[in-house]
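Right, one structure below, let's go through it.
These figures come from a predicted structure and were not determined experimentally. Along the sequence shown, residues carry numbers from 1.
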Amino acid sequence: MSTRGAMLQPSISRRRGDRPLHVQLYDRLREAILAGTLTPGTRLPSARAMAQELRVSRGTVDVAYARLIVEGFLVTRGAAGTFVMSPLPLTPRGASTAPPKPRRAETRARTVLHPFQIGIPGVDAFPIATWSRLLGRHARSARAMDLAHSDATGDNSLREAIATHLAVARGVIAHPDQVLITGGYHGALGLMARALSSPGDQAWIEDPGYHRARSALSLAGLRLAAVPVDDEGLDVARGVALAPRARFAFVTPGHQMPLGMALSLPRRLALLAWARSADGWIVEDDYDGEFQYDSAPLPALKSLDDQGRVLYAGTFSKSMFPTLRLGFLVVPDRARDALARVANLLQPAPPLAIQRAAADFLREGHFARHMRRMRNLYAERRTALLHALDELSSPYLQLEPTTGGLHLLARLSGVRDDAVVTHAGSLGLAPGPLSSYQLSPEKGRLDGLLLGFTTLPAPRAREAVSRLSRAIELARRAPSKGA
């Protein structure tokens, strides 16, 4: 084995629960570069040779190399190979080059996927080999101009691919110039808040609604009006009554978060009419609108927008994987310049290699095939969970009807959801408490559980539901804190 191989071999661990191999390889290479073990100008083994030496897949090495290239630690020189960058990216003054201390057990535990966890897709079924190949392709083929400059609003190849996909899948017709690439959904929120709002502007938000978006908007200085949600979605008339001078409405019309209903057509038309008359903006978060199991997905609200009032926000976090941190905005022409200016100065698009790999993932049909597989897989896991809940669950748990999305909602009676969640955590479960999504308890406290099924294999559904029933019983028997 070569000296380089010997240096890297000890860092690749295959024990269950350890970090992914490509992350381990990235960390070891980065550590060796910063410590000076790999000096500027050092030629690294080819991805194929490194993979053979470490007994890992070629894709594992491609992903590690690609990340280091994007971050400026490595550079490719065509057929000559991959080299440590010279000069190196600056190390922060006073930073230690010693090997990092092992992470504490509680830090590692946060990365473990528990039954019923929401917000995480079925990453076990993601085609990582295909993605690694695409990412490696663009990391290796980068040209000099690619290293010098990229469009802050996003690479044209990805903007074109997204525009094509949305026209087919969501009924949204947009020119690629109207598509801006963002750092996920929260990157889109930050972009809009900086470009289109002023501190103190009022905004409608759904109640209950996505609590992380609520916190982000408050941090951006918006004054939030909690607009109730009923069986038809956001109550537009109540919004007008509560905050008649609002400039924004943040909605999840395809599948309301967390309750699950779709915004009805009359409410959609009423919301568009409000935006037109108030000179306001509607921000459509289509976070899992493509996941329907009993019918075709509803067209996006943006597909009805003929006045340029809707900013359509999407992300690949649920359809691909969360750590990709890749999202997009489809914006009206009159808002684009302001958004592009902020993107250029404060929030540029993610690294170019990632964007171009995502464009190929869409254009070559990998995304469409992956979505078909995931719909089938999620339908299977959802059905298994429904059957298990029907057979085993507690009488204090009542399922709400829903036809889509990535979680089920179950209402609780006679017990608080935060108490159930605490006991569920001690049993290795991670349901979400409905009450945490509620801003203004106008109609009384909402107690319920959000039960994600995307990461719960069908054969494990019964055992997970049995533990959930146990958690409910433990919560019911425990003394009430409010007593």
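Considering CG of Leu385 and CG of Leu399, their distance stands at 7.5 Å, rounded to 0.5 Å. Separating the NZ atom in Lys302 from the CD1 atom in Ile282 is a distance of 9.5 Å, to the nearest 0.5 Å. Annotation: the span from Ser469 atom OG to Glu473 atom CD amounts to 8.0 Å, rounded to 0.5 Å. Atom CE of residue Met192 and atom CG of residue Leu311 lie 6.0 Å apart, to the nearest 0.5 angstrom. For the atom pair CG of Leu339 and CG of Leu196, the computed distance is 4.5 Å after rounding to the nearest 0.5 Å. Between Leu429 atom CG and Leu449 atom CG the span is 10.0 Å, to the nearest 0.5 Å.
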Stepwise salt bridge (charged side-chain N to carboxylate O under 4.0 Å, His left out) check, Asp230 with Arg267 | CA-CA 11 Å; Asp230 59 23; Arg267 292 279 177 86; 2.8 Å; yes

Show your working on salt bridge (charged side-chain N to carboxylate O under 4.0 Å, His left out) between Asp207 and Arg214 and close with a plain yes or no.
-> CA-CA 10 Å; Asp207 188 20; Arg214 182 174 74 216; 5.5 Å; no

Just do the side-chain contact (heavy atoms from CB on, under 4.5 Å) check on Leu68 and Arg30 with the steps written out, would you?
-> CA-CA 7 Å; Leu68 289 162; Arg30 184 179 183 276; 4.0 Å; yes

Please test Asp285 against Arg212 for salt bridge (charged side-chain N to carboxylate O under 4.0 Å, His left out), starting from the C-alpha separation and ending with a verdict.
-> CA-CA 13 Å; Asp285 176 8; Arg212 282 177 53 82; over 6 Å; no

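What you find for Ala384 and Ala458 is that their closest heavy atoms are CB-CB, 3.6 Å. Nearest heavy-atom pair across Ser303 and Gly171 is CB-O, 3.1 Å. Across all non-hydrogen atoms, the minimal contact from Val179 to Arg159 is O-CD, 2.7 Å. Nearest heavy-atom pair, Ser157 versus Arg363, reported as atom, atom and distance to 0.1 Å: CB-NH1, 3.8 Å. Of all heavy-atom pairs spanning Leu135 and Ala353, the tightest one is CD1-O, 3.8 Å. Taking each heavy atom of Gln347 and Gly190 in turn, the nearest pair found is OE1-C, 3.0 Å.
Ring centroids of Tyr378 and Phe291 are separated by less than 6.0 Å, placing the two rings close together.
With a 6.0 Å radius and a threshold of 12 heavy atoms from other residues, nucleotides or ligands, Gln398 has its CD atom at or below the threshold. The local environment of CZ in Arg369 is crowded, with over 12 non-hydrogen atoms from other residues, nucleotides or ligands closer than 6.0 Å. Taking a 6.0 Å sphere around CZ of Arg373, one finds it holds more than 12 heavy atoms contributed by other residues, nucleotides or ligands.
Using cut-offs of 30° and 60° for the angle between ring planes, the Phe367 and Phe316 rings count as perpendicular. Using the six-membered ring where Trp is involved, His211 and Tyr437 have ring planes that are tilted, between 30° and 60° apart.
In summary, the side chains of Thr252 and Glu206 do present a donor paired with an acceptor at a separation below 3.5 Å, with no hydrogens or angles considered. Side chain to side chain, Asp62 and Ser132 fail the donor-acceptor criterion of an N or O pair below 3.5 Å.
Just one of Leu434, Leu446, Ile472 meets the side chain to side chain contact (heavy atoms under 4.5 Å, CB included) condition when paired with Asp417; it is Leu434.
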